[in-house]
There are 2 protein chains.
Amino acid sequence: MELAVKQDIASHIRQAGLRPTRQRLALGDLLFTGQHRHVTAEILHQEARDVTEHVSLATVYNTLHQFTEAGLLREVNVTGTKSFFDTNTREHHHFYLEKEDMLIDIDKDKMELSGLPTPPEGTSVEQVDVIIRLKKD
Amino acid sequence: MELAVKQDIASHIRQAGLRPTRQRLALGDLLFTGQHRHVTAEILHQEARDVTEHVSLATVYNTLHQFTEAGLLREVNVTGTKSFFDTNTREHHHFYLEKEDMLIDIDKDKMELSGLPTPPEGTSVEQVDVIIRLKKD
DNA sequence: ATTTGTGCAAATCGTTTGCATCTGA
DNA sequence: TCAGATGCAAACGATTTGCACAAAT
């Protein structure tokens with residue numbers, strides 16, 4: 001990992017109130033360098049194994065949740081059995097290809113929700129998820 | 001269970017191409033009599049235990065999936081770890097109360113999606129899920 | 001009689017936890 | 001130094017599977 005990139009990611013992580021440890025830097029590099037992506041813990045763990053000394057799966061989970069908490073990632077649930085984490089935290093929506101079990105971003109201005117209904121008394125909107133499930137035809 | 005209701009449910013199940021067994025009738029009764037509801041396998045299993053002789057959890061899962069397959073139910077995924085099944089299969093959306101881990105229906109005409117984006121070549125839309133996550137404030 | 005469904009227990013998958021050890025500020 | 005982070009293995013919750021037995025047509 002280049003020095004410039006490393007420091008970029010380190011400050012990213014510090015801004016989240018987390019220590020830039022070796023593991024977080026490695027995962028941050030995989031997540032925040034280059035294109036936006038949708039990863040599962042499993043996938044990220046695999047990738048980390050390929051490029052760095054060692055990161056445990058538990059640490060991958062910890063880190064994904066900490067990053068999400070800090071607003072660096074966004075969790076996306078499409079199946080009842082696992083989670084994706086999206087490096088794009090801007091408001092946008094998703095196609096979900098069931099067969100391939102993969103997500104595709106939908107540009108925010110490609111689709112609009114007209115008039116969110118008023119949430120029940122005492123609650124407020126935290127996040128809006130729109131998932132368009134696709135099948136092969 | 002009354003006879004009239006029983007036969008109603010039996011035909012419901014037959015229309016789905018399934019045999020109206022004791023277990024399916026019991027579950028169908030819990031699901032399709034009265035108000036629309038959002039159930040988990042666990043909850044339905046509990047309820048079934050209270051009103052009938054015996055239904056195994058595996059059968060509850062089988063049945064929920066068969067009913068879903070047949071268009072009698074709709075699966076809703078809000079967390080990465082479990083599924084809800086909605087007895088309302090009309091197009092509509094959901095509030096999700098994270099704290100209580102429960103769903104609330106949003107009437108279809110309370111919110112509109114303007115212009116679904118065109119799905120990628122070779123795919124077509126199977127289902128559109130809109131979930132508005134709510135937090136207590 | 002044949003096909004379909006069911007129950008049970010074991011297996012699986014994704015995820016979380018407890019705790020001893022290590023590491024960054 | 002010492003709060004915070006990590007690794008490991010065990011625990012966990014939801015779901016699925018394999019297979020012998022039972023029930024529906």
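Lettering follows sequence order; numbering is per chain, from 1.
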A.B. asks: On DNA chain C, nearest-nucleotide positions of B:Arg19 versus B:Ser56: which is more 5'?
C.D. replies: B:Arg19
A.B. asks: Between A:Arg90 and A:Asp105, does at least one N-O distance fall below 4.0 Å, as a salt bridge requires?
C.D. replies: no
A.B. asks: Which nucleotide span of DNA chain C, 5' end to 3' end, has atoms closer than 4.0 Å to non-hydrogen atoms of chain A?
C.D. replies: C:dG14 to C:dA25
A.B. asks: Between B:Thr40 and A:Val55, who's closer to the 5' end of DNA chain D by nearest nucleotide?
C.D. replies: A:Val55
A.B. asks: Parallel, tilted or perpendicular for B:Phe32 and B:His12, by the 30°/60° rule?
C.D. replies: perpendicular
A.B. asks: Base, sugar-phosphate, or nothing: which does B:Leu57 touch, judged by heavy atoms less than 4.0 Å apart?
C.D. replies: base
A.B. asks: Can you measure A:Arg14 atom CZ to D:dA5 atom C1' for me and round it to whole angstrom units?
C.D. replies: 15 Å
A.B. asks: Quick check on A:Glu91: does its CD atom have over 12 non-hydrogen neighbours (other residues, nucleotides or ligands) under 6.0 Å away?
C.D. replies: no
A.B. asks: If you assign B:Ala58 and A:Gly17 each to the DNA chain D nucleotide with the nearest heavy atom, which residue ends up on the more 5' nucleotide?
C.D. replies: A:Gly17
A.B. asks: Under a 4.0 Å threshold between the charged nitrogen and the carboxylate oxygen, would B:Glu47 count as salt-bridged to B:Arg37?
C.D. replies: yes
A.B. asks: Start with the C-alpha distance between A:His92 and A:His94, add both sets of side-chain angles, then the distance that settles ring-ring contact (aromatic ring centres under 6.0 Å, His included), and finish with yes or no.
C.D. replies: CA-CA 7 Å; A:His92 70 289; A:His94 295 103; 4.7 Å; yes
A.B. asks: Does B:Thr21 have a side-chain nitrogen or oxygen under 4.0 Å from the phosphate oxygens OP1 or OP2 of D:dA23?
C.D. replies: no
A.B. asks: Between CG of A:Leu113 and CD of B:Glu112, what distance do you get to the nearest 0.5 Å?
C.D. replies: 10.5 Å
A.B. asks: Quick test of your reading of the model: are A:Lys135 and B:Glu126 salt-bridged, counting only N-O distances below 4.0 Å?
C.D. replies: no
A.B. asks: Provide the full list of side chain to side chain donor-acceptor pair (under 3.5 Å) pairs with a residue in residues 61-71 of chain B, sequence neighbours left out, each pair given once.
C.D. replies: B:Arg24-B:Gln66
A.B. asks: Using the P atoms only, state how far C:dA10 lies from C:dG14, rounded to an integer number of Å.
C.D. replies: 23 Å
A.B. asks: Tell me: CD of A:Gln23 to C1' of D:dG7, nearest whole Å?
C.D. replies: 9 Å
A.B. asks: Whole Å only: how far is the NE2 atom of B:His54 from the P atom of D:dC21?
C.D. replies: 17 Å
A.B. asks: Just to be sure I understand the geometry, which residues of residues 60-87 of chain B put a non-hydrogen atom under 4.0 Å away from DNA chain D?
C.D. replies: B:Tyr61, B:His65, B:Thr81, B:Lys82, B:Ser83
A.B. asks: Using a 6.0 Å cut-off, check whether atom NZ of B:Lys136 has over 12 heavy atoms from anything other than its own residue.
C.D. replies: no
A.B. asks: Please state whether the phosphate of D:dA24, meaning OP1 or OP2, lies under 4.0 angstrom from any side-chain nitrogen or oxygen of B:Arg22.
C.D. replies: no
